[in-house]
Novice: 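Just passing along the structure, written as structure tokens.
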Amino acid sequence: MFIELLERAKTTPGIADATAMTLATTGADGRPSARIVLLKGADADGLVFYTNTLSRKGREIAAHDDVALLFWWPPLESQVRFEGRAVPVSDADADAYFATRPRISQLGAWASAQSEPLASREELERRFAALEKQYEGKSVPRPPHWSGYRVAPLSVEFWWNRPGRLHDRELYTRAAPGAPWTKSLLNP
Ligand SMILES: Cc1cc2nc3c(=O)[nH]c(=O)nc-3n(C[C@H](O)[C@H](O)[C@H](O)COP(=O)(O)O)c2cc1C
């Protein structure tokens with residue numbers, strides 16, 4: 001059901017990027033944080049995104065792997081909420097996806113110590129220029145700190161706009177990945 005909706009969102013005019021989703025994580029202090037990441041794979045095993053594993057989100061997931069993902073597609077008048085555990089993808093999957101990225105993004109993955117303080121824009125550009133030289137004429141390997149996570153949802157909620165704020169909310173839950181889904185309705 002989600003995959004069909006995602007495919008519809010991808011071809012619906014007015015949706016700039018249907019794969020943009022909010023990822024919420026929890027810090028060691030219990031405080032939530034959220035940011036947008038791009039969905040790079042969705043199938044029966046879960047939803048995949050890629051990032052720097054030493055970033056704030058990466059560090060938070062390492063300590064606490066429960067996450068939430070959220071899509072809002074205004075022209076479809078729908079919201080989809082996921083909750084589940086983020087599990088690192090295999091090195092082979094990460095290598096395969098990294099190899100498809102534009103060279104500039106591959107070098108950027110090396111240049112950016114994502115989420116760490118940066119003294120100046122120039123510092124980042126200097127690092128990038130040095131990497132361009134270092135890898136001139138060579139392919140860029142995947143940095144060890146750049147990989148992906150697969151979120152196998154334990155709950156999925158579809159929200160559909162309806163008149164009078166009497167929206168439809170369908171909640172699907174399961175006890176574990178692979179277990180059968182239970183459907184229920186929620187008050188709007
Ligand atoms: C449209 C959009 C797409 C993005 N996609 C990604 C992504 O796929 N992976 C990623 O690491 N950051 C992505 N970002 C940047 C993140 O929102 C965030 O700034 C960065 O990952 C650092 O987050 P953190 O400090 O919470 O770890 C995207 C930002 C935007 C606005």
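Just so you know, ligand 1 is whichever comes first in the structure, and atom 1 is the first atom listed for that ligand. Note that these values count all heavy atoms, side chains included, but never hydrogens, waters or copies made by symmetry. Note that this is a predicted model, so its numbers are computed, not measured.
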Novice: Considering non-hydrogen atoms of the protein only, which is the closest contact for atom 8 (O) of ligand 1, and what is the distance?
Specialist: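 Nearest neighbour among protein heavy atoms for atom 8 (O) of ligand 1, to 0.1 Å: Leu38 N, 3.0 Å.
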Novice: Where is the nearest protein heavy atom to atom 11 (O) of ligand 1: which residue, which atom, and how far?
Specialist: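 That would be Thr51 OG1, 2.6 Å.
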Novice: Could an N or O of ligand 1 be found under 3.5 Å from any N or O of Ala20, whether backbone or side chain?
Specialist: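 Among all N and O atoms of Ala20, none is under 3.5 Å from an N or O of ligand 1.
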Novice: Between Arg169 and His167, is there a donor-acceptor pair closer than 3.5 Å when you use the side chain of the first and the backbone of the second?
Specialist: no
Novice: Yes or no, since that's all I need: does a protein heavy atom fall within a distance strictly under 4.0 Å of atom 19 (O) of ligand 1?
Specialist: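 There is no protein heavy atom less than 4.0 Å from atom 19 (O) of ligand 1.
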Novice: Any ion pair linking Glu123 and Arg127 (charged N to carboxylate O, less than 4.0 Å)?
Specialist: yes
Novice: Quick one: nearest non-hydrogen protein atom to atom 9 (N) of ligand 1, plus distance?
Specialist: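 Nearest protein contact, heavy atoms only, for atom 9 (N) of ligand 1 is Tyr50 O, 2.9 Å.
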Novice: Answer yes or no: is there a side-chain heavy-atom contact under 4.5 Å between Asp91 and Arg142?
Specialist: yes
Novice: Indicate whether any N or O donor in one side chain lies under 3.5 Å from an N or O acceptor in the other, for Thr25 and Arg35.
Specialist: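 Checked: Thr25/Arg35 side chains pair up, N/O donor to acceptor below 3.5 Å.
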Novice: Specify the protein heavy atom at minimum distance from atom 24 (P) of ligand 1: its residue, its atom name, and the distance to 0.1 Å.
Specialist: Ser115 OG, 3.4 Å
Novice: Measuring from atom 14 (N) of ligand 1, which candidate in Thr53, Thr19, Ile36 has the nearest non-hydrogen atom?
Specialist: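 Ranked by closest heavy atom to atom 14 (N) of ligand 1, first place is Ile36.
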Novice: Main chain of Pro141, side chain of Trp110: is a donor-acceptor contact present, judged purely on distance under 3.5 Å?
Specialist: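 Yes: the side chain of Trp110 pairs with the backbone of Pro141.
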Novice: Return yes if some donor-acceptor pair links the side-chain N/O of Arg150 with the main-chain N/O of Ser90 below 3.5 Å, else return no.
Specialist: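 No; zero donor-acceptor contacts below 3.5 Å.
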Novice: Taking 4.0 Å as the limit for heavy-atom contacts, which would you say applies to Lys40 with ligand 1: side chain only, backbone only, both, or neither?
Specialist: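 Under 4.0 Å from ligand 1, Lys40 contributes no heavy atoms.
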Novice: Counting C-beta onward and ignoring hydrogens, is there a side-chain heavy-atom pair between Thr19 and Lys40 closer than 4.5 Å?
Specialist: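 A side-chain contact under 4.5 Å is absent here.
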Novice: Quick test: of every protein heavy atom, which one is nearest to atom 6 (C) of ligand 1, and how far off is it to 0.1 Å?
Specialist: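 Going by distance alone, atom 6 (C) of ligand 1 is nearest to Val37 CA, 3.6 Å.
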Novice: Using non-hydrogen atoms of the residue, decide whether Phe49 is closer than 4.0 angstrom to ligand 1.
Specialist: no
Novice: Check the side chains of Thr173 and Ser155 for a donor-acceptor pair under 3.5 angstrom, ignoring hydrogens and angles.
Specialist: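 Their side chains do not contain a donor-acceptor pair, so the 3.5 Å distance test is not met.
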Novice: Looking only at protein heavy atoms, which one is nearest to atom 23 (O) of ligand 1, and how far off is it?
Specialist: Lys57 NZ, 3.3 Å
Novice: Does an N or O from Asn52, backbone or side chain, lie closer than 3.5 Å to an N or O of ligand 1?
Specialist: no
Novice: Got a salt bridge between Arg8 and Glu4, using NZ or NE/NH1/NH2 to carboxylate O under 4.0 Å?
Specialist: no
Novice: Suppose we measure from atom 12 (N) of ligand 1 to each protein heavy atom; which comes out shortest, and what is that distance?
Specialist: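 Checking every protein heavy atom, the shortest distance to atom 12 (N) of ligand 1 gives Gln114 NE2, 3.9 Å.
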Novice: Could you tell me the residue and atom name of the protein heavy atom closest to atom 26 (O) of ligand 1, and the distance to it rounded to 0.1 Å?
Specialist: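 Looking only at protein heavy atoms, the one closest to atom 26 (O) of ligand 1 is Arg35 NE, 2.8 Å.
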